[in-house]
Amino acid sequence: MNWKKRNAKCGELTQEQISQNFILNGWIHNVRDMGGLIFIDLRDRYGIMQLVIEPENNPELAEKAKDLKSEFVIWAEGTLRLRSNPNPKIPTGYIELLLADFGIVNKSDLPPFEIVDDLETNEETRLRYRYLDLRRPALQRNFIIRNKLYQIMHRYFEEQGFLEVETPILMKSTPEGARDFLVPSRINKGKFYALPQSPQIFKQILMVSGFDKYIQIVKCFRDEDLRSDRQPEFTQIDMEMSFIDAEDILTVTEGFFAKVWKEILNIDLQVPFKRMCYEEAMGRFGSDKPDLRFGMEIVNINEIVKHSEFKVFADTLAMNNGNIALINAKGAGSYSRKQLDNLTEFAKKYGAKGLAYIKFDKGEINSPIAKFLKSEELEAIKQAANAEDGDLLLISSDEKYRSLTILGALRLEMARQLGIMEKVRNTYSFHWVVDFPLFEYDAEENRYVAMHHPFTSPKDEDIAMLDKDPSQAKAKAYDLVVNGAELGGGSIRIHDNEIQQKMFKLLGLSDEDAEEKFGYLLKALKFGAPPHGGIALGLDRIVMTLAGTENIRDVIAFPKTTTGTSLMDGAPTGVDEKQLAELGIAVLKQ
RNA sequence: GGAGUUGUAGCUCAGUUUGGUUAGAGCGCCUGCCUGUCACGCAGGAGGCCGCGAGUUCGAGUCUCGUCAGCUCCGCCA
């Protein structure tokens, strides 16, 4: 094929290289034939360079250039020179390449959308032509960040003495937790592998093997519904260590993030990160992953209204676990009825039956519940909320965690609406959330489920609690939270076979079930398992945070849509009867 | 499993409230002109299953029902 190897990159040429000869390769971004002059914008992944043809001096080349179209791939050879009419808006805007020759390496169909960053083409089209969308500089930049993160991770953990070990992608299905993706076995008809939700059990077993510092960048798979920050396959930085306690894991992790933020964003993170226990995070921010870049904390007013005759409040307080609390949305006092109705709708998504409010607008108090409150109660609420004219108090009265969750969601929503989120962009608040409950009660299944996972160690002082009141037991678990996003979570694991068996029992697993599902782990733990623990960091979400994007699709090269399909290749699809027959599988007619 | 929202030219959108001749605009594309463009400019042109399917109606882009797809959220995500 007729093409020449480039000796320069579009975006990296400089004025110092004037008069030198270069060969560039790239896609044609734009061609402008001005009659007198022909301008060609050439793009590679490093940037854009303008090429010029002077038909007067080179009529054959001008003739040849008539065929050129957007997105053709060409090689271009010429001399770098200063532009007489520079464009300071683009990085290479002061120089141009006077073309001596070029060749069309490949032609291109007309692209279905223009490949520029400020495009607003709908996502469906862009996902269908993902390879074109990925040419956009903004997306290229995200993958440069992602690559840097890989490199820093490998360097850092090797320096710390970690060993990278690969764990199986085809493994045994474990129905606890998320739904598994299943892979049928041809050789063992009727049997299935599962894709790992995480390499959790394998890495623990590696601890038994003496790999006392394990690290892996690993794909994980969960067959659950998608969100803007959740894909069915995603990447984890998975880590585990032996003969350590939680402090060691937090320290190693903090060192890693400090290095990443320094090398990629040139930001010095303060280590160690702050810590907050689960109860406090819920109580103050209504979330186990609170965004600590701003205040608007939840204020409990149970005491203030405990003698209130307002039926909603009285009913709530009569409950076992009733909670009446509020947030103060400063500056939202002029919200209209419609805006407040919308907030109520918003709260209802989180299970609220309604949403009470008190507006302090232009010296007046406006509230549908004011008539039920004594003036000293109103005044006390105002004091407690630190409210002044122009503020809006949003009040939730409900079961404790429900009301906290509602207020936590409203807090984020109000921060968005009031422009607070915009103000704290590009600031980073790292902290650990610790002291999670070991169990969560699942009302539907009428049993306890592990809040983290069933291998999480209870706190030493809570082991006795397992027999008395499991709901009170705390776990040696920790989540890393950055700007309201959970970037990772881990725990000290149970290395004692007996405690592990007790855990399974509390989770409602019979001895037989535990043996059937996790017997291989239980057995391994019997062979001198060292105390161990680790953490899994969500690599995609770390890149999202570094890149400042809200959507995980921006940091994954070939992502899925919200229904789990890939618009580019059409997966998932049906398969040949022959393939199914080989696997011994019949598909039910839908 | 549920809710919201969007779907009209290659792309971005208007038109839907109040059904009515031949469905519009900008960008892009094609042809021509233009010696410094970089959102170039000027003139002309091509381009439509109004997501899909039923229904109501003399008549549906517009109303009704269903359905599909993208996005966002709740549930779910040990």
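Below, chain A is the first sequence line, B the second, and so on; all start at residue 1. Small disclaimer: the values here were computed from a predicted structure and weren't measured.
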- Examine B:rC71: is either OP1 or OP2 under 4.0 Å from a nitrogen or oxygen in the side chain of A:Thr562? Give yes or no. yes
- For A:Glu279, all residues meeting salt bridge (charged side-chain N to carboxylate O under 4.0 Å, His left out), sequence neighbours excluded: A:Lys400
- Item | Contacts of type side-chain hydrogen bond (donor to acceptor under 3.5 Å, both in side chains), residue A:Glu60, not counting sequence neighbours | none
- A:Tyr129, OH: over 12 other non-hydrogen atoms inside 6.0 angstrom: no
- Message: If the condition is ring pair (Phe, Tyr, Trp, His ring centres under 6.0 Å), which residues does A:Tyr441 pass it with, not counting sequence neighbours?
- Response: A:Tyr448
- Task: Under a 3.5 Å limit for both distances, which nucleotide forms a Watson-Crick or G-U wobble pair with B:rA54, could you say?
- Result: B:rU64
- Taking OH from A:Tyr350 and P from B:rC76, how many angstroms apart are they, rounded to a whole number? 13 Å
- Item | A:Pro531: partners by side chain to side chain contact (heavy atoms under 4.5 Å, CB included), with sequence neighbours left out | A:Phe243, A:His495
- Task: Assess whether atom CG of A:Asn57 is packed by more than 12 heavy atoms of other residues, nucleotides or ligands within 6.0 Å.
- Result: yes
- Message: Check this one for me: any side-chain N or O of A:Asn551 less than 4.0 Å away from OP1 or OP2 of B:rC71?
- Response: no
- Just name whichever nucleotide pairs with B:rU31, Watson-Crick or G-U, keeping both distances under 3.5 Å, else none. B:rA43
- In chain order, what residues pass the side-chain hydrogen bond (donor to acceptor under 3.5 Å, both in side chains) check against A:Ser108, with sequence neighbours excluded? none
Listed pairs under 3.5 Å, donor-acceptor, residues 404-414 of chain A side chains, sequence neighbours left out:
{"from": "A:Thr405", "atom 1": "OG1", "to": "A:Tyr401", "atom 2": "O", "distance (Å)": "2.6"}
{"from": "A:Arg411", "atom 1": "NE", "to": "A:Gly295", "atom 2": "O", "distance (Å)": "2.8"}
{"from": "A:Arg411", "atom 1": "NE", "to": "A:Met296", "atom 2": "O", "distance (Å)": "3.4"}
{"from": "A:Arg411", "atom 1": "NH1", "to": "A:Asp291", "atom 2": "O", "distance (Å)": "3.3"}
{"from": "A:Arg411", "atom 1": "NH2", "to": "A:Asp291", "atom 2": "O", "distance (Å)": "2.7"}
{"from": "A:Arg411", "atom 1": "NH2", "to": "A:Phe294", "atom 2": "O", "distance (Å)": "2.8"}
{"from": "A:Arg411", "atom 1": "NH2", "to": "A:Gly295", "atom 2": "O", "distance (Å)": "3.1"}
{"from": "A:Glu413", "atom 1": "OE1", "to": "A:Arg416", "atom 2": "NE", "distance (Å)": "3.3"}
{"from": "A:Glu413", "atom 1": "OE1", "to": "A:Arg416", "atom 2": "NH2", "distance (Å)": "3.3"}
{"from": "A:Glu413", "atom 1": "OE2", "to": "A:Gln417", "atom 2": "NE2", "distance (Å)": "2.9"}

Below 3.5 Å is the cut-off: list the nitrogen or oxygen pairs between protein and nucleotides 38-40 of chain B, distance only.
{"from": "B:rC38", "atom 1": "O2", "to": "A:Arg83", "atom 2": "NH2", "distance (Å)": "3.1"}
{"from": "B:rC38", "atom 1": "N3", "to": "A:Arg83", "atom 2": "NH2", "distance (Å)": "2.1"}
{"from": "B:rC38", "atom 1": "N4", "to": "A:Arg83", "atom 2": "NH2", "distance (Å)": "3.2"}
{"from": "B:rC38", "atom 1": "N4", "to": "A:Asn85", "atom 2": "O", "distance (Å)": "2.4"}

- Task: Indicate, with a heavy-atom threshold strictly under 4.0 Å, whether A:Gln200 touches base, sugar-phosphate, or nothing.
- Result: base
- Query: Does anything in residues 223-232 of chain A reach RNA chain B, meaning a heavy atom under 4.0 Å, and if so which residues?
  - Reply: A:Glu224, A:Asp225, A:Arg227, A:Ser228, A:Arg230
Could you write out each protein N or O paired with an N or O of nucleotides 9-14 of chain B at a distance under 3.5 Å?
{"from": "B:rG10", "atom 1": "O2'", "to": "A:Pro112", "atom 2": "O", "distance (Å)": "2.6"}
{"from": "B:rC11", "atom 1": "O4'", "to": "A:Pro112", "atom 2": "O", "distance (Å)": "3.4"}
{"from": "B:rC11", "atom 1": "O2'", "to": "A:Thr121", "atom 2": "OG1", "distance (Å)": "3.3"}
{"from": "B:rU12", "atom 1": "OP1", "to": "A:Asn122", "atom 2": "N", "distance (Å)": "2.4"}
{"from": "B:rU12", "atom 1": "OP1", "to": "A:Asn122", "atom 2": "ND2", "distance (Å)": "3.2"}

- Under the ring pair (Phe, Tyr, Trp, His ring centres under 6.0 Å) rule, collect the residues that match up with A:Phe102, sequence neighbours excluded. none
- Message: My understanding is that a pair needs two contacts under 3.5 Å, Watson-Crick or G-U wobble. By that rule, which nucleotide pairs with B:rG24?
- Response: B:rC13
- Message: Regarding A:Arg128, tell me which of base, sugar-phosphate or nothing describes its non-hydrogen contacts under 4.0 Å with the strands shown.
- Response: nothing
- Item | Test side-chain hydrogen bond (donor to acceptor under 3.5 Å, both in side chains) applied to A:Tyr478 - qualifying residues, sequence neighbours left out | none
- SB check A:Lys505 A:Asp511 (cutoff 4.0 Å): yes
- Task: Identify, with sequence neighbours excluded, every residue that meets salt bridge (charged side-chain N to carboxylate O under 4.0 Å, His left out) alongside A:Lys517.
- Result: none
- Query: How do A:Gln197 and A:Lys349 order along RNA chain B: which one's closest nucleotide is nearer the 5' end?
  - Reply: A:Lys349
- Who does B:rG75 pair with, Watson-Crick or G-U, both distances under 3.5 Å? none
- Message: Let me spell it out: for each of A:Glu176 and A:Thr561, pick the nucleotide of RNA chain B with the closest heavy atom. Which residue's pick is nearer the 5' end?
- Response: A:Thr561
- Partner nucleotide of B:rA69 by Watson-Crick or wobble geometry (both distances under 3.5 Å): B:rU6
